[in-house]
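Scroll down for the structure; my scribbles are underneath it.
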Amino acid sequence: NVNVTFDDRLLRSDEKQEIFTLKQNIIQFITSTTWDEAYSDLGIILHIQIIFESSQTKGNVKTYNCQSLFSNGGDLRYFDKQVQFYYNSGTSLFFDPVLFEPLPGFLAYYSYIILAGEIDTYEYNGGNNAYETAREIAQRGTASDYKKGWGNRISIIDDINRNIGLRKARLAFYIGQDLYNNGDIKGSISELKLMLEGLEQSYIDVGRDHNTQYFLKIRSNTITSMMSNLNRKDMLIDMQGLDPDRLDIYLDALDLISE
């Protein structure tokens, strides 16, 4: 499922007309491409927002400069300020792993990153192949005539790979949540412990990483609810140290357990 929104207020009316078919083309491109045969049934909802800032024409080619936001509607979100691509309304989008084109490459890059983050919640480092494919796209982007933003996209992959603690924590959270929902108390406590270890490793390895912070922002209420219902004061105290931005949530939960 793909949800695409445009903000084209800064474009002229003729330019808005030129990108009229683009939204449907993006949806068609993402839904018709097989990204990973082993994980084709995950039911990911991909949210894409593109903010058009300006355009320039060279010869017959019109290039658009944009910002974008890709999200799974959950704890994966990537904001990009340096998007540049050309688009001809008469052509359909096609991803060629060898021949680099800015628009399909950009869409494929973020599709693979979101897919990798989703696969990571099913098996340890399961997203490695998808991350590596995204990295290869970014490397081809840096060597192309449309290199704007692609160096930064290599850095995004490097940051994800360095933050192995978050990848461990996310996997443990999702497994723990499933076990908790199925009434497996012992199993869910064991996974929550692994999640805490992963969060701690994340801070040791990379400090206050924005991906870890976003995961905690989105999942802190669920984490707190599970720990409270499991009567795990020790874990809530650990969360205070690991997630000081949401200290009040954990303090309130501790107060309720103590009453």
Side-chain angles (χ1 to χ4, degrees), residues 1-36 39-74 76-118 130 133-134 136-154 156-157 214:
N1 197 350
V2 185
N3 175 20
V4 182
T5 55
F6 284 175
D7 182 341
D8 58 6
R9 286 173 292 182
L10 294 176
L11 295 183
R12 299 191 313 265
S13 56
D14 61 314
E15 291 172 330
K16 290 177 185 179
Q17 202 57 42
E18 284 165 10
I19 59 162
F20 183 72
T21 56
L22 177 57
K23 197 180 289 186
Q24 197 50 49
N25 269 0
I26 290 173
I27 293 168
Q28 176 69 24
F29 170 72
I30 288 170
T31 53
S32 63
T33 303
T34 302
W35 301 104
D36 187 309
Y39 287 95
S40 58
D41 58 349
L42 294 185
I44 300 167
I45 297 174
L46 182 60
H47 300 271
I48 304 172
Q49 184 181 8
I50 298 178
I51 302 148
F52 290 86
E53 295 185 308
S54 64
S55 71
Q56 67 253 17
T57 306
K58 244 190 197 172
N60 296 329
V61 180
K62 175 164 277 190
T63 304
Y64 295 93
N65 300 300
C66 315
Q67 297 188 26
S68 71
L69 182 66
F70 282 74
S71 162
N72 68 342
L76 299 172
R77 185 181 69 163
Y78 297 96
F79 182 58
D80 195 321
K81 291 182 177 179
Q82 292 186 302
V83 183
Q84 191 177 58
F85 59 78
Y86 53 82
Y87 177 66
N88 299 316
S89 55
T91 58
S92 57
L93 301 176
F94 174 72
F95 173 58
D96 185 327
V98 180
L99 185 71
F100 178 81
E101 282 191 53
L103 180 54
F106 156 71
L107 295 169
Y109 170 86
Y110 281 110
S111 296
Y112 274 116
I113 281 193
I114 296 285
L115 175 65
E118 291 274 3
T133 304
E136 286 166 9
I137 295 168
Q139 283 173 328
R140 278 196 293 278
T142 56
S144 76
D145 292 337
Y146 293 85
K147 53 174 64 73
K148 184 180 178 183
W150 284 106
N152 187 54
R153 286 173 208 130
I154 291 176
I156 289 172
I157 304 287
Y214 192 67

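- Residue Arg12 holds its CZ atom at 5.5 Å from OG of Ser55, rounded to the nearest 0.5 Å.
- Between Gln56 and Asn65 the shortest heavy-atom distance is OE1-ND2, 2.8 Å.
- Taking each heavy atom of Pro104 and Leu93 in turn, the nearest pair found is CG-CD2, 4.5 Å.
- By the neighbour-count criterion of 12 heavy atoms within 6.0 Å, atom CG of Asp145 is sparsely surrounded, having that number or fewer from other residues, nucleotides or ligands.
- Contact between Val4 and Lys23 at its shortest, heavy atoms only, is O-CD, 3.5 Å.
- Residues Leu103 and Leu22 meet the side-chain proximity criterion, which asks for heavy atoms closer than 4.5 Å.
- For Asn25 against Ser92, the heavy-atom pair with the smallest separation is ND2-CA, 4.3 Å.
- Within a 6.0 Å radius of CG in Asn60, no more than 12 heavy atoms belonging to other residues, nucleotides or ligands are found.
- Counting only heavy atoms from C-beta outward, the side chains of Asn1 and Asn3 never approach each other to under 4.5 Å.
- Residue-environment remark: NZ (Lys16) exceeds the threshold of 12 foreign heavy atoms within 6.0 Å.
- Using a 4.5 Å heavy-atom cutoff, the side chains of Val83 and Ile50 are not in contact.
- Contact annotation: the side chain of Leu107 approaches that of Phe70 to within less than 4.5 Å [non-hydrogen atoms, C-beta and beyond].
- Annotation: the span from Lys147 atom NZ to Arg153 atom CZ amounts to 13.0 Å, rounded to 0.5 Å.
- For Leu42, the CG atom counts as densely surrounded, since its 6.0 Å shell holds more than 12 non-hydrogen atoms of other residues, nucleotides or ligands.
- Annotation for Ile154 and Ala138: closest pair CG1-CB, 3.5 Å, computed over non-hydrogen atoms.
- Formation of a donor-acceptor pair under 3.5 Å by the Asp7 side chain with backbone atoms of Arg9 is found in this model.
- In summary, the side chains of Asn152 and Gln82 do not present any donor paired with an acceptor at a separation below 3.5 Å, with no hydrogens or angles considered.
- Within the structure, the salt bridge (charged side-chain N to carboxylate O under 4.0 Å, His left out) test picks out the following pairs touching residues 40-64 (sequence neighbours left out): Glu15-Lys62, Glu18-Lys62.
- Outside the 6.0 Å centre-distance limit, the rings of Tyr87 and Tyr64 are not counted as a close aromatic pair.
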Before giving the answer on side chain to side chain contact (heavy atoms under 4.5 Å, CB included), spell out for Ile19 and Asp8 the whole-Å C-alpha distance, their side-chain angles and the decisive distance to 0.1 Å. CA-CA 9 Å; Ile19 59 162; Asp8 58 6; 4.2 Å; yes
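- Under the ring-ring contact (aromatic ring centres under 6.0 Å, His included) criterion, Tyr78 pairs with no residue, sequence neighbours left out.
- A 4.5 Å side-chain heavy-atom check between Tyr86 and Glu101 finds at least one atom pair inside the cut-off.
- Here the straight-line distance linking atom CD of Gln67 with atom CZ of Phe52 works out to 12.0 Å at 0.5 Å rounding.
- Here Leu46 contributes atom CG and Glu118 contributes atom CD; the two are 9.5 Å apart, rounded to the nearest 0.5 Å.
- Under the ring-ring contact (aromatic ring centres under 6.0 Å, His included) rule, Phe100 has a single partner from Tyr109, Trp150, Phe106, which is Trp150.
- Nearest approach of Ile137 to Ala108, heavy atoms of both residues: CD1-CB, 3.8 Å.
- With hydrogens and angles disregarded, no donor-acceptor distance shorter than 3.5 Å links the side chain of Asn88 to the backbone of Thr91.
- Using modelled atom types and a 3.5 Å distance limit, the side chains of Asp80 and Ser68 yield no donor-acceptor pair.
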Taking it one step at a time, do Ile113 and Ile157 satisfy side chain to side chain contact (heavy atoms under 4.5 Å, CB included)? CA-CA 8 Å; Ile113 281 193; Ile157 304 287; 3.6 Å; yes
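- Between Leu69 and Arg77, the closest side-chain pair of non-hydrogen atoms falls below 4.5 Å.
- Here the side chain of Arg140 pairs a donor or acceptor atom with the backbone of Pro97 at under 3.5 angstrom.
- Within a 6.0 Å sphere centred on CZ of Phe20, heavy atoms belonging to other residues, nucleotides or ligands number 12 at most.
- The aromatic rings of Trp35 and Phe95 sit tilted relative to each other, their planes meeting at an angle between 30° and 60°.
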CA sep, side-chain torsions, deciding dist, call: Ile44, Tyr39, side chain to side chain contact (heavy atoms under 4.5 Å, CB included): CA-CA 10 Å; Ile44 300 167; Tyr39 287 95; over 6 Å; no
